[in-house]
Amino acid sequence: MGHQVIIFDFSVIRGLWETRVKKSKERQRKEKERLEQSALEKIKQEWNFILECRKKGIPQSKYLKNGFVDINEKNLDTRGKNPELKKSHALSNGVNKEQNKFIFQLSGEQWTELPDSLKEQVYLKEWHVYNTLIQTIPAYLALFQDLRVLELSKNQINHLPAEIGCLKNLKVLNVSFNNLKSVPPELGDCENLEKLDLSGNMEITELPFELSNLKQLTFVDVSANKFHSIPICVLRMSNLQWLDISSNSLKDLPEDIDRLDELQTLLLQKNKLTYLPRALVNMPKLSLLVVSGDDLVEIPTAICESTTGLKFVSLKDSPVETIVCEDTEEIIENEREREQVEKEFMKAYIEDLRERGMCKYTYTVTIHF
């Protein structure tokens, strides 16, 4: 039995592919034309034009006519003909350049550690390090006595150095979506801290009691971790206005939660709560309470009938299919990504509620992720 030999005519194949490529390019051209003519593209052009005008210090009166944006390129030349605008723009650029001297920014997965030159820039007031593979923050952090903002989200950081307690002027600490399992008690020495974000670390179970000293804190986000109860130190943060402890393992709330008498927003969704304490009614400034309604069997009538302007939102969680995966790290990473998406959704949802300015409503919402 002879071998079967298959012979291809490559000229025919090449002709077929050339035809397909031409058709594909034609479709892309038509889609581009459609987008250029669409309202969305026009809005995008207008926004980009407005941003360009703002950068150049051009007043609205020059590019807004009867409430509509005039995207005539001549408007962008206005600054060159107006010496006052030109001077103002130059001054603005100078100020921005001066401010940027005090800000350190780093991103990209090529970074596995902070650059050595950083330790020499102790005058910095802000660090913005994100989306890197950096795992540790060096002890020389203590040298940055003027540091106000420490943004370290979406890295691979697995611990914070005790030296962080030396940052007496720190106001914002964001270590969300890293690999932290605990927080150093020395953080309680950052007496001017106003915002603390530890969300998305997935493994934090408790906060040290020393954080009770953080009396200036107004914002705490510990969502997407493994808390079984609200930490005692949080209940002692007398100025707290925003607490997000969603996506944890809470089974109940402390009866003395009304100690947080400055609290305005309390996010509790995606926990294992079966009831809500009546003490919530005694929180005079609480204006937004979000829970998941699947496990709740007892909700005090006084919460729904509150006369304090409380917005009570009950989210009906949709079952999420379990992802079958042998790699534990991959499972955690998938959960972390989902939590990021859900946080963006909740942020937009809450902003929408506030923009509508409703005084008192009860909502039941079904969400799908």
Side-chain donor/acceptor of N282 to backbone N/O of L280, under 3.5 Å: no

Side-chain donor or acceptor of N225 paired with backbone N/O of I204 under 3.5 Å: yes

Within-4.5 Å side-chain heavy-atom neighbours: L141 and P161: yes

Connected-component partners of I232 among ILVMFWY, side-chain separation under 4.5 Å: F209

Straight-line distance of E109 CD to N131 CG, nearest 0.5 Å: 7.5 Å

Flag, side chain of S292 to backbone of K270, donor-acceptor distance under 3.5 Å: yes

With sequence neighbours excluded, residues passing side chain to side chain donor-acceptor pair (under 3.5 Å) with E262: K285

Side-chain heavy-atom pair V172, E151 within 4.5 angstrom cut-off: yes

Within 6.0 angstrom of K272 NZ, more than 12 heavy atoms from elsewhere: no

Member of D221, L187, L207 meeting the side-chain contact (heavy atoms from CB on, under 4.5 Å) criterion with L198: L207

Side chain to side chain contact (heavy atoms under 4.5 Å, CB included) against Q135, all qualifying residues, sequence neighbours excluded: Q156, N158

Residues, nucleotides or ligands: over 12 heavy atoms within 6.0 Å of K251 NZ: no

hydrophobic_cluster_shared for L173 and F177, side chain cutoff 4.5 Å: no

Interatomic spacing from CG in L170 to CD in E194 - rounded to 0.5 Å: 10.0 Å

Side chain N248, main chain V222, donor-acceptor under 3.5 Å: yes

Ionic contact status for K226 with E203, cut-off 4.0 Å: yes

Value rounded to 0.5 Å, distance of NE2 in H128 from CZ in F104: 11.0 Å

Side chain to side chain, L114 and I134, heavy atoms closer than 4.5 Å: yes

Spacing of W242 atom CH2 and Q264 atom CD [to the nearest 0.5 Å]: 10.0 Å

Quiz item: cation-pi between K154 and Y130, 6.0 Å / 45°: no

side-chain contact (heavy atoms from CB on, under 4.5 Å) between I157 and L180, intermediate numbers included: CA-CA 6 Å; I157 299 168; L180 293 177; 4.1 Å; yes

Joint cluster assignment, L296 & I245, ILVMFWY side-chain distance < 4.5 Å: yes

4.5 Å side-chain heavy-atom contact, L243 and L267: no

Side chain to side chain, F227 and S249, heavy atoms closer than 4.5 Å: no

Sequence-distant partners of N213, side chain to side chain donor-acceptor pair (under 3.5 Å), two or more places apart: none

N271 (side chain) donor-acceptor with L273 (main chain) under 3.5 angstrom: no

Side chains of Q216 and N192, donor plus acceptor under 3.5 Å: no

pair L147-N169: side-chain heavy atoms closer than 4.5 Å: no

Interatomic distance, D197 atom CG to N201 atom CG [nearest 0.5 angstrom]: 9.0 Å

Heavy-atom pair with the smallest gap, counting every atom of E163 and A142: CB-CB, 3.8 Å

Which residues share a side chain to side chain donor-acceptor pair (under 3.5 Å) with E186, sequence neighbours left out: none

Distance (rounded to the nearest 0.5 Å) between L268 CG and L289 CG: 6.0 Å

Atom CD of E113 with >12 non-hydrogen neighbours under 6.0 angstrom: no

T132: side chain to side chain donor-acceptor pair (under 3.5 Å) partners, not counting sequence neighbours: N155

